[in-house]
Amino acid sequence: MRRALCAALVCLALLAPAWARGAAVEQELGGHLKARVGTSFPRDDTLSQSVGLSPNTDASVEARLKHRAFLGSRVHTEMHYEVIAGHSESRRDAQRIADRYSMLSGVTLAPPVDDSTSFLDLSHVATDDDGDVVTHRIDRLYAAYTPPWGEVRVGRQAVTWGHGFLFNPMDLISPFAPTDIERDYKTGEDMVFVRVPAGRADVQVMYVPRRDAATRDVDFEQASVGGKVGLAFGSTEVELLAARHYRDTVAGLGLVGYAGDAAWRVDGTWTALHTASRGRSGYASVTANVDRSWVAGGRNWYGYVELHANGLSRNDFSDQYTDPAVARRIARGEMYTLGTAYAGAHVDCEVHPLVHVFATGMVNLDDGSGTALPGVSIDLADNMDLTVHASLPFGDAGTEFGGYPLPGTPPGMDVDVKPARRVSAWVGWYF
């Protein structure tokens, strides 16, 4: 955590001149406490059989503390500190499976939090033993300057580009998984971000430096640098993106418009691969969606539908092990599915001013398998809520969500990869 202390000292150094001049420093404190519990139900014919198919219960408590300091109207700093403690039977069994099979010899689970390639190492795993996990991390730590011409932010922060709901090809940095229900905070990344509004145009530039995981040296081959220009033409918005992401080159086009009471969006990217994948020098990825809200039966409703196509995928489930381009994106948390085309939908009904019932679903259009994500959210108080939801994969044998043979298993060992069904709940208290 030495780098964390250094980063905190940088923030103090930014504040010191103002304090020395006697300038007023306004401060805001906030945060939340969350208690989570979830139960997974491992499926037969999977590696879980070797350690038992009894339900796995995971429970944790998370605290996030937030601090903002304002030096006049132009400069502010922000810092988020989070600590998570819990016990995960799912993680315990996953490590036992890795320890049991020779084909997985030497394989260990990724750490619960990992800053091995981040510019600043601001995370620490205090405990990771037989399912017991305690971690803490500085997830936001940046200084911002907002002159009349725009905004500059330096440090650990989150930036989202693109307009996808489940799939977002233009969101290059720490995108959410399509099955993520809880989306309060993206994982913070160390970066320099500049935004310059200019009439009808909005220009954004970011640079995300990273380090080599083995040497901890800053390595531009691991960095992301790019820019996005947004242009408004009446009720239609156009966005152009150009980036160098790791060693690949990405170009993107986004469109946003309106049709009656609905809003529509189309995002597309072309990625030129530094190293060819299966003979391909690049691939396209496209997402299109439409959403709207309405009133029916005296209740407020909201919903969207979305289509997504990914040219890197071939609906070949072995690619995650045999295609380096796919494997790298999965390891980096940028790719979560293996099909070429998906359809998704979401609907939310306000059954009571304090109660929302919702359902999200997505289907692999290549094989008909998918995942249903029903749930309910209840406001228990002004600053407290409860969410309960389920993850219910479905599909025939040999499909992405129904289960497919695990590549590389020895002859006579029939093992499938099947996502577990899961029920989860969390209570959040905000202050």
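Numbering starts at 1 and runs along the sequence shown. The figures that follow rest on heavy atoms only: side chains count, while hydrogens, waters and symmetry mates do not.
Considering all non-hydrogen atoms of both residues, Phe193 and Trp161 come closest at CE1-NE1, 4.4 Å. Gly188 and Arg156 get closest at one heavy-atom pair: C-CG, 3.8 Å. Between Gly395 and Ser369, the closest heavy-atom pair is CA-CB, 3.8 Å. Scanning both residues, Ser48 and Pro42, for their nearest heavy atoms gives CB-CB, 3.7 Å. When every heavy atom of Pro393 is checked against every heavy atom of Phe401, the shortest pair comes out as CB-O, 3.8 Å. When every heavy atom of Arg153 is checked against every heavy atom of Gln157, the shortest pair comes out as NE-OE1, 2.7 Å.
In this structure, Thr187 and Val113 have side chains that are not in contact, with every pair of non-hydrogen atoms separated by 4.5 Å or more. The side-chain heavy atoms of Phe358 and Thr387, taken from C-beta on, include a pair separated by under 4.5 Å. Contact of the Val326 side chain with the Ser313 side chain is not registered, since no non-hydrogen atoms from C-beta on lie closer than 4.5 Å. Two residues are said to be in side-chain contact when any heavy atoms from C-beta on lie closer than 4.5 Å; Arg422 and Ser424 meet this criterion. Between Val159 and Ile173, every side-chain heavy-atom pair lies at or beyond the 4.5 Å cut-off. Put simply, the side chain of Thr371 does not reach to within 4.5 Å of the side chain of Pro419, judged on heavy atoms. Asp267 is listed as a side-chain neighbour of Asn168, based on a closest heavy-atom distance under 4.5 Å. Looking only at side-chain heavy atoms (C-beta outward), Tyr283 and Asn310 come within less than 4.5 Å of each other.
Within the 3.5 Å criterion, the main-chain N or O of Ser118 finds no donor-acceptor partner in the side chain of Asp190. No donor-acceptor distance shorter than 3.5 angstrom exists from the side chain of Arg96 to the backbone of Val51, with no hydrogens or angles considered. Arg280 contributes a side-chain N or O that, together with a main-chain N or O of Ser277, makes up a donor-acceptor pair within less than 3.5 Å. In this structure a side-chain-to-backbone donor-acceptor pair under 3.5 Å is missing from Asn364 to Asn315. Without hydrogens or angle criteria, Asp366 side chain to Thr340 main chain gives a donor-acceptor distance under 3.5 Å. A distance-only check finds no donor-acceptor pair linking the side chain of Glu82 to the backbone of Glu62 [under 3.5 Å]. In terms of modelled atom types and a separation under 3.5 Å, the side chain of Glu306 and the main chain of Leu166 share a donor-acceptor contact. Formation of a donor-acceptor pair under 3.5 Å by the Arg314 side chain with backbone atoms of Asp319 is not found in this model.
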Let's go through Asp248 and Arg329 carefully: what are the C-alpha distance in whole Å and the side-chain angles of both, what is the deciding distance for salt bridge (Lys or Arg N to Asp or Glu O under 4.0 Å) to 0.1 Å, and is it a yes or a no?
CA-CA 12 Å; Asp248 300 330; Arg329 283 160 177 77; 2.6 Å; yes
Set out, in order, the CA-CA distance, both residues' side-chain angles and the distance that settles side-chain contact (heavy atoms from CB on, under 4.5 Å) for Tyr342 and Glu400, then state yes or no.
CA-CA 12 Å; Tyr342 293 86; Glu400 181 174 14; 2.5 Å; yes
Can you check side-chain contact (heavy atoms from CB on, under 4.5 Å) on Val238 and Phe233, steps first, answer last?
CA-CA 8 Å; Val238 179; Phe233 299 95; 4.0 Å; yes
Assess whether side-chain contact (heavy atoms from CB on, under 4.5 Å) is satisfied between Asp44 and Lys418, documenting all intermediate values.
CA-CA 9 Å; Asp44 57 5; Lys418 297 180 182 179; 3.4 Å; yes
side-chain contact (heavy atoms from CB on, under 4.5 Å), that's the test. Do Phe394 and Val363 meet it? Break it down for me.
CA-CA 9 Å; Phe394 60 87; Val363 176; 4.1 Å; yes
Between Arg195 and Thr146, does a side chain to side chain donor-acceptor pair (under 3.5 Å) hold up when you go through it step by step?
CA-CA 9 Å; Arg195 177 174 177 263; Thr146 54; over 6 Å; no
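Ring-plane geometry between His308 and Phe167 is classed as parallel, the angle between the planes falling under 30 degrees on a 0 to 90 degree scale with a further cut at 60. Ring-plane geometry between His124 and His136 is classed as perpendicular, the angle between the planes exceeding 60 degrees on a 0 to 90 degree scale with a lower cut at 30.
Ionic pairing of Lys228 and Glu239 is present here: one or more N-O contacts between side-chain nitrogen and carboxylate oxygen are shorter than 4.0 angstrom. The pair Arg216-Asp121 does not meet the salt-bridge criterion, since no charged nitrogen lies less than 4.0 angstrom from a carboxylate oxygen. A salt bridge does not link Asp132 to Arg92: none of the charged nitrogens lies less than 4.0 Å from a carboxylate oxygen. Salt bridge present: Arg91 and Asp128 bring a charged side-chain N and a carboxylate O closer than 4.0 Å. Looking at Asp184 and Lys34, a side-chain N of the basic residue comes within less than 4.0 Å of a carboxylate O on the acidic one, giving a salt bridge. Under 4.0 Å is where a charged nitrogen must lie from a carboxylate oxygen, and between Asp115 and Arg137 at least one such pair does. Residues Asp58 and Arg36 are not paired through a salt bridge, judged by the lack of any N-O separation under 4.0 Å between the basic side chain and the carboxylate.
Thr127 and Asp129 form no side-chain donor-acceptor contact under 3.5 Å, judged by distance and modelled atom types alone.
Arg211 forms a cation-pi arrangement with Phe119, by the criterion of a distance under 6.0 Å to the ring centre and an angle within 45° of the ring axis. Judged by the 6.0 Å distance and 45° axis criteria, Arg421 is not positioned over the aromatic ring of Phe41. The side-chain tip of Arg328 does not point at the ring of Tyr246 from less than 6.0 angstrom away and within 45° of straight on.
For the atom pair NE2 of His67 and CD of Glu28, the computed distance is 9.0 Å after rounding to the nearest 0.5 Å. Note that CZ of Arg74 is 12.0 Å distant from CD of Glu151, once rounded to the nearest 0.5 Å. A distance of 10.5 Å separates CG in Leu33 from OH in Tyr430, rounded to the nearest 0.5 Å. Atom CG of residue Asp367 and atom CZ of residue Phe317 lie 5.0 Å apart, to the nearest 0.5 angstrom. Going from atom CZ of Arg210 over to atom CD of Glu189 covers 5.5 Å, rounded to the nearest 0.5 Å. Note that the OG atom of Ser281 and the NE2 atom of His274 stand 13.0 Å from one another [nearest 0.5 Å].
With ring centers used as reference points, Trp426 lies under 6.0 Å from His389.
The one candidate from Glu26, His80, His76 that meets the side-chain hydrogen bond (donor to acceptor under 3.5 Å, both in side chains) condition with Arg68 is His76. Of the listed residues (Asp180, Asp139, Asp171), just one forms a salt bridge (charged side-chain N to carboxylate O under 4.0 Å, His left out) with Lys186, and that residue is Asp171.
The 12-atom threshold is exceeded at CD of Glu221, counting heavy atoms of other residues, nucleotides or ligands nearer than 6.0 Å.
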